[in-house]
Amino acid sequence: MKAIASSLLLCAAATAHAADITAIKAAHMVDVRNGTLIDNAVVLISGEHITAAGSRLAIPADAKIIDLGNKTLLPGLIDTHTHITGRPEDAGYGIIAKSIPRQALQGARNARVTLQAGFTTIRDVGADGYADIGLRDAINEGDVPGPRIAASGPALGITGGHCDDTMHAPEYKSTSLGVADGVDEALKVTRRNIKYGADVIKICATGGVLSFGDDPRTSQYTLEELKAIIGDAHRLGRKSAAHAHGGDGIKLAVLAGVDSIEHGSYIDDEGIKLMKEHKTYLVPTLYLGDWLLENAEAIKLPKPLLEKAKVVLPQARINIGKAIKAGVPIAFGTDAAVYPHGLNAREFAVLVKLGMTPAQALRTATVNAADLLGWSDKVGSIEAGKYADLIAVDGDPLKDVRTLEQVQWVMKGGAVVK
Ligand SMILES: [Zn+2]
């Protein structure tokens with residue numbers, strides 16, 4: 001068996017000549033690292049990977065050519081904060097009647113829509129019953145189309161916190177799967193999530209907007225609990241992400257060594273300084289505010305949640321604007337599910353409004369996001385050795401980021417999917 005396998009390998013190597021090469025031609029290509037356009041772009045692809053990329057590269061005579069004409073090529077986009085198995089209606093009581101299998105199937109639909117929108121990689125930070133992990137595996141095995149997923153499974157949180165089920169009356173005895181109080185329980189749930197396939201450990205470090213009876217400004221886990229969870233995640237080779245709105249919770253999570261702060265709505269000067277010192281990524285999720293406040297009635301958002309949203313979301317823009325200007329590392333994330341999946345690229349225009357150049361905004365969704373995932377060797381730029389995850393748009397996204405809201409063509413791992 002071993003001999004056959006190695007001879008097959010030799011055979012594959014010997015035949016990996018030009019016949020297996022796909023050449024993509026486009027008028028322009030964005031160099032996301034330098035924020036510049038490269039004209040007369042050529043990208044050579046073999047199998048799932050890029051073998052060369054540049055201007056006017058020689059194309060092997062028998063290569064298959066995909067000519068994108070006047071379009072602009074970019075690396076596939078990355079959203080580091082999605083809830084791929086959820087949808088806006090789930091923010092209210094609708095979720096109670098929705099089984100985990102039903103959520104997983106709606107995730108399959110959302111994954112397809114997200115990929116078609118040009119997001120070839122996502123980090124999913126919180127799903128019921130490991131539905132995101134099941135979806136990740138189904139996509140990897142080719143059962144359903146979708147982006148590459150780094151998945152968290154159920155988010156860890158305290159009893160009655162943002163990541164607990166806060167909708168049911170006491171007699172229902174309903175508790176979310178990620179609830180863990182105290183160091184011992186927190187370690188147990190961290191390890192259980194890893195046992196069932198988590199790539200990243202998601203923690204609810206403060207209260208939230210779309211939960212009942214908690215305050216987004218107050219911290220929920222203690223420093224001791226956060227250190228235990230994040231330390232264990234790192235020791236077991238996993239990254240960690242902390243949902244944190246309030247200033248204190250942000251600082252505790254950063255001091256405990258977390259890899260990213262999600263939302264960051266009430267970040268203050270001290271938090272900004274700490275995040276720069278620790279090189280912790282901030283994942284602002286801002287576009288959702290526009291959508292949620294406009295559509296609250298349509299999705300039957302319960303009143304107490306709407307009241308919180310009206311206070312927190314506008315404040316977040318002010319504070320995150322300061323963090324961006326101060327130079328906190330930013331990775332692109334959107335909280336897709338709070339607004340409809342597929343509109344992820346609308347976040348770019350908000351980042352630009354808060355002071356980023358289009359090139360900086362684009363870096364948050366490519367090289368920065370790849371770095372946060374620990375996937376810099378695989379995705380985030382058009383370079384030899386990386387997955388052939390590419391998109392194309394009309395016009396120049398370095399002049400107008402809104403071109404990214406209309407992705408015309410998508411390739412994932414060398415296969416054209418749009
Ligand atoms: Zn979220």
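Atoms within each ligand, like the ligands themselves, are counted from 1 in listed order.
In this structure, NZ on K195 lies 14.5 Å from OG1 on T190, to the nearest 0.5 angstrom. Rounding to the nearest 0.5 angstrom, the gap separating the NZ atom in K239 from the OH atom in Y281 is 8.5 Å.
With sequence neighbours left out, the side-chain contact (heavy atoms from CB on, under 4.5 Å) criterion links D184 to no other residue.
The pair R317-D290 counts as a salt bridge, with a side-chain nitrogen and a carboxylate oxygen less than 4.0 angstrom apart. Between R87 and D90, none of the side-chain N atoms (NZ, or NE/NH1/NH2) sits under 4.0 Å from a carboxylate O, so this pair counts as no salt bridge. Ion pair D268/K251 flagged as a salt bridge, since at least one NZ, NE, NH1 or NH2 atom sits closer than 4.0 Å to an Asp/Glu carboxylate oxygen.
Looking only at protein N/O/S atoms, the ones less than 2.8 Å from the Zn ion (ligand 1) make 3 in total.
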